[in-house]
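Okay, so here's the structure we're looking at.
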Protein chains: 2
Amino acid sequence: METRRDIFQAIADPTRRAIIALIALQAMTPNAIAEHFDSTRQAVSKHLRVLSECELIAQKQQGREIYYSLNVNKMKEIDGWLEQFRAIWETQFNQLDEVLQTMKSRKK
Amino acid sequence: METRRDIFQAIADPTRRAIIALIALQAMTPNAIAEHFDSTRQAVSKHLRVLSECELIAQKQQGREIYYSLNVNKMKEIDGWLEQFRAIWETQFNQLDEVLQTMKSRKK
DNA sequence: TAATTACGCAACCATATAGTTGCTTTTTTT
DNA sequence: AAAAAAAGCAACTATATGGTTGCGTAATTA
């Protein structure tokens, strides 16, 4: 079990997905973000750190405030991973049956 | 911290993503899948259970063997979540700067 | 029918994770 | 200059997670 810190692990948490959706619309400070959730500012800050570490979000200091914004480009990596399955779901038919038929005929 | 069991949590694990990619090509038994990894069959079985619980995979008994196959339709849900960001990354410009400018002018 | 194979299930363990509270630093306001 | 606000950092806690080994059961094969 190695310590993972990638986009997939980052979007696994529902709070983090909510944060992503929130700042996608407009850059926000940790306090402003925390107001949308039940948990403390510190908890939100931890999520922001996870998102930062995998570069899903960027930050910009503005006086004593820090604005966090979504790095939409990084989101494309998830899209890239999905790409390999897109071909499959576009030509979906009962794949399992197909495979099992093939296997049966091979045994003969 | 509630116990989650959704597609996003399911694809967070790299081994599970590998399993998904593997059975996307053709339905496989737990033993056959486990051969592709370093961990034990039981560990793989646990991953298969997680994937089953969120309906990302389907199983079909064939004698004493169980063939697991990808439920490509469920994969579309990830695509659906990404949908909301697609509009943003298609019209990407420096959003953060934009927002900060707006906020500055509002203060005046 | 006895041995083997495929697989799920349960118990257990170490580590990761999400959350908390408390403290410090820096910037802004009074 | 003092008080307040914004946010990071550290320590700590409970629970989730990924892994293991061992065992039971059902289907094959010898």
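A note on names: the letters A, B, ... follow the listed sequences, proteins ahead of strands, and every chain is numbered from 1. If you're wondering where the values come from, they're calculated on a predicted model, not measured in any experiment.
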Round to the nearest Å and state the distance from [X] atom [atom1] to [N] atom [atom2].
X: B:Y67; N: C:dG8; atom1: OH; atom2: C1'; value: 17 Å
X: A:F8; N: C:dT17; atom1: CZ; atom2: P; value: 16 Å
X: B:R16; N: D:dA16; atom1: CZ; atom2: P; value: 15 Å
X: A:D13; N: D:dT15; atom1: CG; atom2: P; value: 17 Å
X: B:I33; N: C:dG8; atom1: CD1; atom2: C1'; value: 14 Å
X: A:D6; N: C:dA16; atom1: CG; atom2: P; value: 15 Å
X: A:I66; N: C:dT25; atom1: CD1; atom2: P; value: 16 Å
X: B:N31; N: C:dT5; atom1: CG; atom2: P; value: 11 Å

*If you measure from CG on A:N73 to CE on A:M75, what distance do you get to the nearest 0.5 Å?*
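So the gap between those two atoms works out to 11.0 Å.
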*asked:* Nearest 0.5 Å, please: how far is CD1 in B:I20 from CH2 in A:W81?
replied: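 Separation between the atoms: 4.5 Å.
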[N] OP1/OP2 closer than 4.0 Å to side-chain N/O of [X]:
X: B:Q59; N: C:dC7; answer: no
X: A:S45; N: D:dA7; answer: no
X: A:T15; N: C:dA18; answer: no
X: A:Y68; N: D:dA6; answer: no

_side chain to side chain contact (heavy atoms under 4.5 Å, CB included) evaluation trace for A:I19 with A:F37_ = CA-CA 9 Å; A:I19 291 174; A:F37 302 97; 3.8 Å; yes
*Show your working on side chain to side chain contact (heavy atoms under 4.5 Å, CB included) between B:L51 and B:K74 and close with a plain yes or no.*
CA-CA 11 Å; B:L51 293 169; B:K74 197 75 183 179; over 6 Å; no
When you compare the protein's N or O atoms with those of nucleotides 25-30 of chain D, which come within less than 3.5 Å of each other, and at what distance?
{"from": "D:dA27", "atom 1": "O3'", "to": "B:R64", "atom 2": "N", "distance (Å)": "3.3"}
{"from": "D:dA27", "atom 1": "N3", "to": "B:R64", "atom 2": "NH1", "distance (Å)": "3.4"}
{"from": "D:dT28", "atom 1": "O4'", "to": "B:R64", "atom 2": "NH1", "distance (Å)": "3.4"}

*Do A:I33 and A:I11 belong together in a cluster built from hydrophobic side chains that touch within less than 4.5 Å?*
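Yes, A:I33 connects to A:I11 through the hydrophobic network.
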*Before accepting this row, confirm whether a basic side-chain N of the pair B:D13/B:K46 lies closer than 4.0 Å to the acidic partner's carboxylate O.*
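Salt bridge: no.
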*Between A:R86 and A:D79, is there a side-chain N and carboxylate O pair less than 4.0 Å apart?*
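Yes, A:R86 and A:D79 are salt-bridged.
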*asked:* Tell me whether B:T29 contacts the main-chain N or O of B:A32 through its side chain, where contact means a donor paired with an acceptor under 3.5 Å.
replied: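 Judged by distance alone, yes, a pair lies under 3.5 Å.
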*For A:R16 and A:A10, indicate whether the former's side chain and the latter's backbone hold a donor-acceptor pair under 3.5 Å.*
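Side chain of A:R16 to backbone of A:A10, a donor-acceptor pair under 3.5 Å: yes, one is there.
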*Could you identify which residues of residues 46-56 of chain A place a heavy atom less than 4.0 Å from some atom of DNA chain D, listed by residue number, or say none?*
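Nothing qualifies; none.
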*Could you go through the side chain to side chain contact (heavy atoms under 4.5 Å, CB included) check for A:S69 and A:I57 one step at a time?*
CA-CA 5 Å; A:S69 63; A:I57 61 174; over 6 Å; no
_A:N71/A:L56 under side chain to side chain contact (heavy atoms under 4.5 Å, CB included): CA gap, chis, key distance, verdict_ = CA-CA 5 Å; A:N71 176 10; A:L56 262 172; 5.7 Å; no
*Indicate the atoms forming the closest heavy-atom contact of A:D6 with A:C54, along with that distance.*
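That closest heavy-atom pairing would be C-CB, 4.1 Å.
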*For DNA chain C, find the residues of residues 37-44 of chain A with a heavy-atom distance under 4.0 Å and give them by number; none if there aren't any.*
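The answer is A:S39, A:T40, A:Q42, A:A43.
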